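All of these numbers come straight from a predicted model, not from anything done at the bench. Along the sequence shown, residues carry numbers from 1.
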Amino acid sequence: MKTRPAGIGNANADWMGSLPSKLSAMPLKHLAVPGSHDSFTYWVDVHAPVGPDQKAYVKYLATMFSVIAKKVMVKWSMTQNLSFKEQLDAGIRYFDLRVSSKPGEPGNEIYFIHGLFGHKVRDGLLEINSFLSKHRKEVVFLDFNHYYAMDAEHHVYLINMIQEVFGSRLCNICAVEGITLDYLWDKKYQVIVFYHHPSAQGVSVMWPGNKIPAPWANTTEPNKLIQFLETTLKERTKQGAFHVSQAILTPRVNTVAKGLVWGLRNYLVERNLPTIMSWVEAQKPGVDGVNIITSDFVELTDFANIVIKLNNLLLMEQGGKPR
């Protein structure tokens, strides 16, 4: 498949703020929203130890064959090429976040992680907040769904950090059905944080993970992925939750072994993108339709734009003009 950089630039930087009033009045759970999978992996640190999210045999290989093993890991750990700001400019509004402390490092610093350590979480959040300060009608979903090597102190540190960075932009927990863009704009909320850990219970701006289910197909086969996406959409919770369709393929150990030198993008993603994107293009948002759709390497196709334009179907249904 011939791929091209797309969605780079800021054509979609204000897409939410540009939606017609009929759509901004709809529950956000019924709109189509583009997201990225393992959103932070555009940079990983090959000089740091292998992350605690990895199995023992991977850590062993990385110790024995440090440089070579980590170069291979980079090719299979990176699922995005664009920074947070570039993703935001391209229209991405949902971010899949996995975090960890560095075992043995003093203090409570938290890093993004996917096999290898990425940037400090604080730096990523500040980058997102900077974008939001310039685009006051844009809203992001931050889904903190995996935690590694974190004790109670680390969680307190991270939760406090999120609140310090975003402040009054954080949306309080309330009925999902009442969350429209109009409501968020009125309250000046721009960030909905989901925190999949008991440490956040009782914190009014940390939404529980069950409010944003993201079923995972865990397959390397595009046809099985599409069947799974269709099934889980039909089973989508009708009340009280957003929904994430993970339009991603997941490598297995033998996949990595076969495509060792090619990496995730060249061996698995690019060759299957046409099938996956055909499914995305055929979707419709709304009560029984898609909500958030995530992808690897969001710049390889016109992914964000395609998802955003699905909202036109809702507008046509209501007799309005497409965006």
Side-chain angles (χ1 to χ4, degrees), residues 16 19 22-23 25-39 79 91-96 139 141-143 145-146 173-181 192 194 196 207-252 268-269 272-296 298 301-320 322-323:
M16 284 180 159
L19 289 176
K22 285 185 178 179
L23 296 185
M26 275 190 187
L28 196 47
K29 63 176 274 189
H30 293 159
L31 298 184
V33 178
S36 56
H37 169 241
D38 282 323
S39 309
T79 64
I92 300 300
R93 294 293 177 267
Y94 166 91
F95 296 93
D96 165 34
V139 175
F141 298 81
L142 303 184
D143 192 357
N145 50 54
H146 286 73
I173 300 169
C174 59
V176 171
E177 282 68 30
I179 300 284
T180 66
L181 286 172
I192 307 175
F194 300 86
H196 300 237
W207 291 60
N210 63 7
K211 296 293 183 184
I212 193 157
W216 176 42
N218 192 17
T219 182
T220 58
E221 299 176 38
N223 291 334
K224 284 187 179 178
L225 168 64
I226 286 162
Q227 186 178 11
F228 178 85
L229 290 170
E230 292 285 352
T231 301
T232 51
L233 262 184
K234 286 173 187 168
E235 296 168 353
R236 177 182 171 183
T237 307
K238 300 299 180 208
Q239 291 289 323
F242 298 97
H243 183 85
V244 180
S245 297
Q246 296 197 65
I248 58 162
L249 295 172
T250 305
R252 302 183 188 281
L268 194 60
V269 176
N272 293 306
L273 265 179
T275 305
I276 295 171
M277 288 311 299
S278 291
W279 179 84
V280 173
E281 288 173 354
Q283 295 316 295
K284 181 182 175 182
V287 176
D288 297 312
V290 290
N291 179 201
I292 297 160
I293 306 177
T294 60
S295 175
D296 290 323
V298 295
T301 65
D302 208 11
F303 171 73
N305 215 31
I306 289 167
V307 175
I308 292 165
K309 286 188 174 178
L310 293 177
N311 292 306
N312 287 341
L313 298 171
L314 294 172
L315 205 57
M316 291 172 183
E317 199 174 72
Q318 293 198 357
R323 176 181 175 270

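Applying the side chain to side chain donor-acceptor pair (under 3.5 Å) test between D96 and each of N145, T79, T294 identifies N145 as the sole match. For the side chain to side chain contact (heavy atoms under 4.5 Å, CB included) with Y94, the lone residue among L142, I212, I192 that qualifies is I212.
Here the side chains of L181 and L31 are in contact, with some heavy-atom distance below 4.5 Å. Using a 4.5 Å heavy-atom threshold, the side chains of Q283 and L233 count as touching. Using a 4.5 Å heavy-atom cutoff, the side chains of I92 and F303 are in contact. At a threshold of 4.5 Å between non-hydrogen side-chain atoms, the residues P208 and I173 count as touching. With contacts defined as side-chain heavy-atom distances shorter than 4.5 Å, the pair I276/L249 qualifies. For the pair F141 and L28, the minimum side-chain heavy-atom distance is below 4.5 Å. At a threshold of 4.5 Å between non-hydrogen side-chain atoms, the residues W207 and C174 count as touching. Taking 4.5 Å as the limit, some side-chain heavy atom of L315 sits within range of a side-chain heavy atom of K22.
Proximity of a side-chain donor or acceptor of R236 to a complementary backbone N or O of G289 within less than 3.5 Å is detected.
The two residues P222 and N272 make their nearest non-hydrogen contact at CG-OD1, 3.3 Å. Between G240 and K211 the shortest heavy-atom distance is O-CD, 3.2 Å. Scanning both residues, P215 and T232, for their nearest heavy atoms gives CB-CG2, 3.7 Å. Closest of all the heavy-atom pairs between P34 and G91 is CG-O, 3.2 Å. Between A32 and L310, the shortest heavy-atom contact is CB-CB, 4.0 Å. When all heavy atoms of L225 and A217 are compared, the pair lying nearest together is CD1-CB, 3.7 Å.
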| Could you walk me through whether E221 and T219 pass the side chain to side chain contact (heavy atoms under 4.5 Å, CB included) check? | CA-CA 6 Å; E221 299 176 38; T219 182; 3.8 Å; yes
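With values rounded to the nearest 0.5 angstrom, H196 atom NE2 is found 8.5 Å from N210 atom CG. Going from atom CG of D296 over to atom CG of D38 covers 7.5 Å, rounded to the nearest 0.5 Å. Between the CG atom in L229 and the CD atom in Q227 there is a gap of 10.5 Å [rounded to 0.5 Å]. For the atom pair NZ (K29) and CD1 (I179), the distance works out to 11.5 Å, reported to the nearest 0.5 Å. Rounding to the nearest 0.5 angstrom, the gap separating the OG atom in S36 from the CD1 atom in I248 is 11.0 Å. Taking NZ from K284 and CG from N311, the interatomic distance works out to 12.0 Å, rounded to the nearest 0.5 Å.
Within a 6.0 Å radius of NZ in K238, more than 12 heavy atoms belonging to other residues, nucleotides or ligands are found. The environment of E281 atom CD is dense: over 12 non-hydrogen atoms of other residues, nucleotides or ligands sit within 6.0 angstrom.
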